[in-house]
Amino acid sequence: MKVCRVAVNYPLKNQGLLYFYEGELTRGQVVEVPLGKRGELGCVVSVDESESEEFKKTSIEKIKTIKSIIPDWKLQEVELELFQWMASYYHYSLGQLIFDCLPHHLKRPRSLEQTMGEGKPLEFVPNLTQKSIIESIREGLGKFGRHLVHGVTGSGKTVIYLDLIQETLKSGKSVLFLLPEINLTPQFISTFSKYVDAPILSYHSELSDSQKYQIWMMARSLNQGALILGVRSSVFIPVNNLGLIVIDEEHDTSFKQDDRCPYNARDVASKKAQLLGIPMVMGSATPSVESYYTFHQPSQKLFEMKERAGDAFLPAVELIDAREKIDKVEEIWPLVPKSVEAISSAFSRGEQVLVFVNRLGFANYLQCRACGQQFNCPNCSITLRYYKRKNQLACHHCEYKEPLPEQCPACGCMTLSHKGFGTEKIQEVLTTIFPEKKIERFDRDEIKNFKDLEERLADFHAGKIDLMVGTQMLSKGHNFEKVKLVLILGIDSQLNFPDFRSAERVYQTLTQVSGRAGRYSKDGKVLIQTLNPDSSLFQIVKNHDFHQFYKDELEIRKLCDCPPYKRLAMIHFSSRFQERLIPHVTEGVAPMMRDLISKHFQSVSILGPRPAHIEKKSNQFTWSILLKSKDMGELHNLIKSFEMNYKSQSSISYKIDVDPYTLV
């Protein structure tokens with residue numbers, strides 16, 4: 001019997017387990033293997049381990065035999081190489097990673113509906129800037145290269161994408177187009193299906209297991225060019241004859257996965273393009289600080305578009321000082337009279353309006369007027385959010401809900417104050433002020449699935465909705481023809497968030513939300529209602545001076561040793577038992593890490609351990625250690641040394657996050 005190595009779907013970080021097999025077996029095949037007393041799936045990573053040191057040292061009785069080979073289920077060499085790179089870079093179990101990313105194997109999947117592009121001629125001619133960028137990137141088709149298109153909102157990045165997609169499809173190759181969120185899918189499908197002469201497949205979380213499996217199998221056997229459009233997980237689809245990867249809104253945090261393996265789809269796509277020897281095009285009006293810094297180095301392929309396409313101009317940005325004391329504003333709080341007047345004027349001109357507030361619900365929390373009692377989640381260390389329509393308090397980190405109490409449980413007072421506001425509160429206030437207008441919300445509470453999303457967007461485009469109150473979902477890539485006014489509320493709390501990326505996130509949010517105004521006219525207007533109108537960040541947004549923002553931000557990053565000047569990794573330790581977790585991390589792990597650093601990894605600095613920003617979530621307490629270094633190789637070696645020396649303790653788990661997006 002021959003011996004092979006299999007990456008088993010199990011959270012064990014090793015090169016795989018040894019198994020005997022009979023007959024023929026090839027690298028990448030999916031097999032079922034015995035693991036303890038149960039069967040588990042695995043992927044063959046090596047078919048001949050008979051000469052390996054591990055096999056020579058292992059007792060033959062301990063090596064089990066493969067149960068069966070799963071038919072029609074095999075990873076291509078590039079797929080397996082990509083997963084192996086990810087497992088190494090993100091310090092994650094290879095077997096678990098593979099089966100986290102693969103769709104469920106189905107023996108009898110249902111048939112799949114696909115959109116066929118109409119292939120109509122373009123109704124618009126690229127302008128000189130767009131033509132120049134298109135010609136430059138076209139020269140790189142057929143070989144690996146990374147290109148960044150940094151264009152203001154409405155500058156016509158989609159025109160560039162469309163030309164490159166058509167050119168790639170003409171050569172018989174396929175295109176993978178990555179979007180940050182599902183809510184952008186209908187818009188891009190509508191555009192691409194009109195002008196692209198090829199099958200269009202859409203891949204996202206709303207698809208059934210059967211549909212995902214069908215797309216996966218169809219993509220690997222494509223014999224003609226096709227366009228695959230999808231969210232973060234689409235990066236793993238094994239598209240046959242792939243010729244181009246496009247990433248829209250490359251800065252978006254949605255490309256970073258939080259649970260399981262915390263990979264960044266942008267970076268994984270870059271590695272995939274390198275392995276395949278194909279170009280990758282990224283686009284954004286607000287590139288991440290790291291991308292801006294990287295692409296401003298010599299010999300990088302950066303393309304800038306500083307003006308909107310056609311007759312459109314960037315919107316005028318006006319700050320509204322919410323500190324002004326004005327009588328009789330209780331009934332319109334948290335709005336101020338200037339904001340209400342602007343909305344009223346827009347309605348009188350027959351326009352639609354967008355109001356952005358990045359919080360769900362009616363109030364952030366409730367508090368007793370008499371004794372100050374707050375209502376906390378029993379599973380998390382946060383207050384419960386109030387949802388008026390559901391008449392309940394709910395936690396947005398776990399599933400906990402409770403009905404709204406009639407009185408304070410501590411003192412019996414009947415008066416409970418509403419603190420803060422969310423989309424539901426804004427909708428109620430605006431409905432009271434403008435009862436004749438149709439005012440709807442665009443947030444996770446209202447939009448439960450893809451059908452709701454399509455219907456809400458269709459109603460707004462058709463003019464059935466006069467004003468839409470929305471969260472982050474509103475800020476990305478949407479084109480609304482009748483919207484000339486955008487009002488932004490509650491941005492101050494984001495600016496004061498204790499994280500080194502908070503200014504970057506606020507700048508990106510303000511710029512992206514502002515970009516929804518006046519995309520089809522010269523007189524777009526953005527109102528930012530703030531308690532801090534003197535903030536330099538607001539002045540930068542007002543002047544549309546993105547270079548100044550990056551210049552200021554890079555100086556701060558350099559001072560605090562943050563990306564792009566140093567690379568980061570975080571190790572999070574979690575347990576249900578706080579009394580076990582804290583001494584384990586502070587007295588066991590931290591001294592061991594400091595000892596390793598002082599002896600072998602002097603380029604690495606360590607911060608912490610400290611509790612997470614929300615220490616308790618879903619009955620799990622979390623403490624974290626932050627590692628910084630200019631030398632990425634040394635950072636990886638330190639993490640490997642930590643894993644080799646770590647003494648695990650029951651009830652305590654840890655998770656490694658390389659290149660974290662947030663430190664809280």
Side-chain angles (χ1 to χ4, degrees), residues 4-12 15-47 64-87 92-114 174 176 199 201-223 226 228-242 257 259-261 263 265 268 272 275:
C4 65
R5 188 177 296 278
V6 178
V8 184
N9 185 13
Y10 183 70
L12 196 63
Q15 298 301 309
L17 302 176
L18 298 180
Y19 285 92
F20 286 123
Y21 70 97
E22 293 176 343
E24 291 302 312
L25 201 60
T26 55
R27 182 171 141 87
Q29 278 190 294
V30 176
V31 294
E32 188 182 2
V33 296
L35 185 70
K37 294 181 179 178
R38 71 178 195 273
E40 191 55 85
L41 291 176
C43 178
V44 177
V45 293
S46 169
V47 293
K64 297 180 180 178
T65 303
I66 284 176
K67 280 185 172 183
S68 63
I69 297 171
I70 309 296
D72 307 320
W73 203 227
K74 182 188 173 189
L75 269 65
Q76 296 164 359
E77 183 58 33
V78 168
E79 286 181 85
L80 193 47
E81 282 183 39
L82 183 66
F83 284 131
Q84 287 179 314
W85 173 82
M86 285 180 67
Y92 196 78
S93 160
L94 175 60
Q96 199 170 18
L97 172 66
I98 290 170
F99 291 98
D100 282 349
C101 299
L102 293 179
H104 295 297
H105 182 265
L106 300 172
K107 290 176 182 174
R108 289 186 296 278
R110 294 193 297 275
S111 60
L112 177 74
E113 290 181 23
Q114 58 176 300
S174 293
L176 178 61
L201 300 169
S202 174
Y203 191 90
H204 49 76
S205 57
E206 286 291 311
L207 297 178
S208 66
D209 286 343
S210 176
Q211 290 169 314
K212 287 179 182 176
Y213 179 72
Q214 280 286 77
I215 289 176
W216 203 275
M217 298 308 288
M218 190 181 291
R220 65 171 31 166
S221 57
L222 281 169
N223 52 17
I228 289 87
L229 199 75
V231 291
R232 180 177 65 215
S233 57
S234 310
V235 74
F236 302 114
I237 297 174
V239 185
N240 186 41
N241 208 16
L242 189 62
Q257 178 157 287
D259 59 338
R260 295 172 294 175
C261 177
Y263 69 87
V268 174
K272 183 169 187 167
L275 289 170

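These numbers come from a predicted model, not from an experiment. Side chains included, hydrogens not; waters and symmetry mates left out as well; all remaining heavy atoms used.
- If you run side chain to side chain contact (heavy atoms under 4.5 Å, CB included) between Val31 and each of Leu41, Val44, Ile70, only Val44 comes through.
- Judged purely by atom type and a 3.5 angstrom limit, Tyr10 has no side-chain atom pairing as donor or acceptor with the backbone of Gly42.
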Which is it for Ile98 and Asn9 under the side-chain contact (heavy atoms from CB on, under 4.5 Å) test, yes or no, and what are the steps along the way? CA-CA 8 Å; Ile98 290 170; Asn9 185 13; over 6 Å; no
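- When all heavy atoms of Cys4 and Ser46 are compared, the closest pair comes out as CB-O, 3.1 Å.
- Judged by distance alone, with hydrogens and angles left aside, the side-chain atoms of Arg220 form no donor-acceptor pair with the main-chain N or O of Pro238 at under 3.5 Å.
- Between the CG atom in Asn241 and the OG atom in Ser221 there is a gap of 12.5 Å [rounded to 0.5 Å].
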Before you tell me yes or no, could you show the steps for Ile228 and Leu222 under side-chain contact (heavy atoms from CB on, under 4.5 Å), namely the whole-Å CA-CA distance, both residues' side-chain angles and the distance that decides it to 0.1 Å? CA-CA 11 Å; Ile228 289 87; Leu222 281 169; 4.2 Å; yes
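- Taking CG of Leu35 as the reference point, atom CG of Leu12 lies at 9.0 Å (rounded to 0.5 Å).
- Taking the ring pair (Phe, Tyr, Trp, His ring centres under 6.0 Å) definition, one finds that Tyr92 meets it with nothing, sequence neighbours left out.
- Note: Arg260 CZ to Ser93 OG = 13.0 Å, rounded to the nearest 0.5 Å.
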Test side-chain contact (heavy atoms from CB on, under 4.5 Å) on Val30 and His105 and set out the steps. CA-CA 10 Å; Val30 176; His105 182 265; over 6 Å; no
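- If you take CZ on Arg27 and CD on Glu81, they are separated by 6.5 Å, rounding to the nearest 0.5 Å.
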side-chain contact (heavy atoms from CB on, under 4.5 Å) between Leu17 and Val6, worked out: CA-CA 5 Å; Leu17 302 176; Val6 178; 5.6 Å; no
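- The nearest pair of heavy atoms linking Gly16 to Arg5 is O-NH1, 3.1 Å.
- Shortest non-hydrogen contact noted between Val45 and Ala7 is CG1-CB, 4.0 Å.
- Counting non-hydrogen atoms of other residues, nucleotides and ligands closer than 6.0 Å to CG of Asp259 gives a total above 12.
- One N or O on the side chain of Lys64 and one on the backbone of Gly36 form a donor-acceptor pair closer than 3.5 Å.
- The two residues Met86 and Cys261 make their nearest non-hydrogen contact at CE-SG, 4.5 Å.
- Considering only residues two or more places apart in sequence or on other chains, Ser234 meets the side-chain contact (heavy atoms from CB on, under 4.5 Å) condition with Leu176, Leu178, Tyr203, Ile237.
- Between Trp85 and Tyr263, the ring center distance fails the sub-6.0 Å criterion.
- Taking every heavy atom of both residues into account, Gly28 and Cys43 meet most closely at O-SG, 3.7 Å.
- Remark: Phe236 CZ to Cys101 SG distance equals 3.5 Å, nearest 0.5 Å.
- When all heavy atoms of Ala265 and Arg232 are compared, the pair lying nearest together is CB-CG, 3.6 Å.
- Rounded to the nearest 0.5 angstrom, Leu102 CG and Glu79 CD are separated by 7.0 Å.
- Looking at Tyr21 and Ile69, their side chains never come closer than 4.5 Å, going by heavy atoms from C-beta outward.
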